Amino acid sequence: MTRRLATLIAPVVFLLALLYAWTLAADAKLVNPLWFPGPERSFAKLGEWIATGALWSPLASTVWRMLAGWLAACAVGIALGAAIASSPLARRLLQPSAEFLRPLPASALLPPAILVLGFSNAMIVSVVAFGCVWPVLLAAIHGFGALDARLVEVARLLNFTPWQRAWKFQLPSALPHIFAGMRVSIAIALIVTVASEMLSSQPGIGYLMLVAARAFRSTDIFAGIIVLGALGFLINYGTQRLEGRLLRWR
Amino acid sequence: MLEARGLSVSFGAQPVLRDIDLTVAEHEFVCVVGPSGCGKTTLLRALAGLTPISSGSALFKGRPVIAPQTELAVVFQDYARALLPWRTVAGNVALALEARNIPASDHAARIAPLLAKLGLSGDGDKFPSQLSGGMQQRLQIARCLAQEPEVLLMDEPFGSLDAITRQQLQDEVARLAKEEKRTVLFITHDLEEAIYLGDRVIALARVKGNLAGRIAEIVDIALPRPRQQLATREDPRFLQYRHRLFRHLE
């Protein structure tokens with residue numbers, strides 16, 4: 001019991017220590033307080049955003065773009081991965097193009113995306129999806145191809161069709177790999193969303209921070225960082241819970 | 001019911017089985033015994049439609065077996081690999097019902113008696129990883145029975161179980177085969193197990209020189225049923241069969 005309590009409290013204590021270190025660093029005024037506010041002022045700004053409701057609209061935009069791009073990437077990645085793993089034709093057809101596109105940084109795609117789709121949500125969602133698709137795709141290729149040979153025979157003995165085999169055998173067997181890929185992707189989604197907002201001036205947390213920087217409103221920047229950190233934390237917690245439920249058998 | 005006619009199997013240039021002729025009659029329990037590497041498992045796989053035949057034929061009810069069919073169920077030795085780890089005990093049995101397109105609403109009513117028959121009542125919600133080896137093998141047998149096959153092909157099913165569990169399962173399989181009126185082809189490297197279980201024992205041996213397996217001897221086992229672990233194994237006839245067949249295993 002005391003052990004459990006300790007493991008629960010320890011991370012909180014560490015977080016408080018970090019906040020205290022931040023306070024000390026700010027109070028020491030090594031950097032001009034104009035550029036580097038302490039936690040007190042940053043959290044006060046965050047409280048002000050919540051109180052006035054100024055936070056919700058940009059936060060909703062950012063979360064929406066991030067989730068839409070990520071989910072689209074997951075759907076495309078799983079479907080393509082299943083196809084590539086199951087069909088030599090699909091592999092020969094798709095793999096060279098995939099190897100060409102994969103090393104491209106998602107931000108390099110912003111200029112052409114802006115040209116084609118304009119300054120829009122669709123543009124950001126597409127770029128986020130592009131950045132997110134690779135970890136899921138690679139995990140799905142690996143996972144769908146890694147079905148135990150014995151289970152392949154069980155599927156044959158029960159006369160399942162290729163679709164039934166994919167649904168009843170390969171997808172569940174690939175799911176642990178796919179989840180690992182999806183968790184890598186969600187972090188990429190947050191990064192690409194914020195970067196895209198900054199580069200394309202679309203209202204959201206990223207753009208809010210960029211405007212704050214241009215106007216020397218440093219507390220806004222730090223409040224934005226706190227929001228993004230909390231967002232990342234919550235998403236990771238959510239995917240972990242979902243994973244625990246769906247992979248109960250492990 | 002199940003027949004091999006001049007059945008030969010080669011892996012590339014390497015002959016594995018040569019000119020196998022055997023017939024398994026309806027409701028008969030036939031054991032195939034032989035030293036490791038004599039092609040016993042290949043014979044079972046060829047009869048199940050899992051391994052292609054080089055010449056001759058495998059027949060089920062007079063029709064050639066070209067691919068696996070649900071009337072022929074296979075119980076593998078490596079039960080842990082043959083079960084779906086992400087499905088519960090009940091879910092693994094349901095797999096065979098899904099293969100037969102039985103509506104999901106009927107599953108529970110069909111699964112419960114099967115689990116009871118194999119001593120798995122109360123374990124329906126567990127995952128395979130939570131079961132002992134013997135229980136996992138019982139589960140695989142339950143799934144094969146849910147297939148309602150006419151023939152059970154068992155490939156050294158008790159080879160990796162401890163001696164006590166093995167004896168229990170021998171008696172249960174013998175009882176189930178008679179109660180459920182199934183035809184059984186049972187592969188084993190354990191001569192005593194073959195004599196104890198079989199109505200007939202087929203000894204397989206390797207042809208000197210080219211290393212292909214062929215039938216060395218077929219013996220009818222005239223031991224009364226139900227057989228008993230102590231009494232049957234001490235029966236003078238049991239020992240005579242053992243003497244007679246033992247030379248093929250050297």
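Chain naming here is simple, since letters A, B, ... match the order of the sequence lines and numbering starts at 1 in each. Computed from a predicted model, the values in this text were never measured in an experiment.
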*Which bit of A/S173 comes within less than 4.5 Å of chain B, counting heavy atoms only: side chain, backbone, both or neither?*
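When you check distances to chain B, atoms from both the backbone and side chain of A/S173 fall under 4.5 Å.
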
*With a 4.5 angstrom heavy-atom cut-off, which part of A/A149 approaches chain B: side chain, backbone, both or neither?*
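Contact with chain B: backbone and side chain both.
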
*asked:* Counting only non-hydrogen atoms closer than 4.5 Å, can you tell me which residues of residues 80-98 of chain B sit against chain A?
replied: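 Near chain A, by residue number: B/R81, B/A82, B/L83, B/L84, B/P85, B/W86, B/R87, B/L95, B/A96, B/E98.
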
*chain A contact via B/T70 - side chain, backbone, both or neither, heavy atoms under 4.5 Å*: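 Both parts, backbone and side chain.
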
_Is B/R100 close to chain A through its backbone or its side chain, or both, or neither, when contacts mean heavy atoms under 4.5 Å?_
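Contact with chain A is absent: no heavy atom of B/R100 under 4.5 Å.
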
*Any donor and acceptor pair, going by atom type alone, linking the side chain of A/N159 with main-chain N or O of B/P68 inside 3.5 Å?*
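Such a contact is found between A/N159 side chain and B/P68 backbone.
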
*asked:* Rounded to the nearest 0.5 Å, what separates atom CG in B/L50 from atom CZ in A/R156?
replied: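 Reported to 0.5 Å precision, the distance equals 5.0 Å.
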
*In Å and rounded to the nearest 0.5 Å, what is the CD to CG distance from B/Q69 to A/L158?*
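Output value for this atom pair is 12.5 Å.
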
*Taking the side chain as every heavy atom from C-beta outward, state whether A/E153 and B/V74 have any pair of such atoms under 4.5 Å apart.*
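No, their side chains stay 4.5 Å or more apart.
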
*With chain B as the partner chain, list the residues of residues 236-247 of chain A whose heavy atoms fall under 4.5 Å from it, by residue number, and write 'none' if nothing qualifies.*
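Those residues of residues 236-247 of chain A which would need a heavy atom under 4.5 Å from chain B do not exist here.
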
*A/P162: what forms a side-chain contact (heavy atoms from CB on, under 4.5 Å) with it, not counting sequence neighbours?*
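A/P162: no side-chain contact (heavy atoms from CB on, under 4.5 Å) contacts found.
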
*Could you list the residues that satisfy side-chain contact (heavy atoms from CB on, under 4.5 Å) with A/P96, not counting sequence neighbours?*
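Partners of A/P96 by the side-chain contact (heavy atoms from CB on, under 4.5 Å) criterion come out as none, since no residue qualifies.
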
_For B/D106, I'd like to know if atom CG has over 12 heavy atoms of other residues, nucleotides or ligands within 6.0 Å._
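More than 12 within 6.0 Å, yes.
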
*Quick one: does NZ or CZ of A/R248 land under 6.0 Å from the six-membered ring centre of B/F127, within 45 degrees of the ring axis?*
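A/R248 over B/F127 ring: no.
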
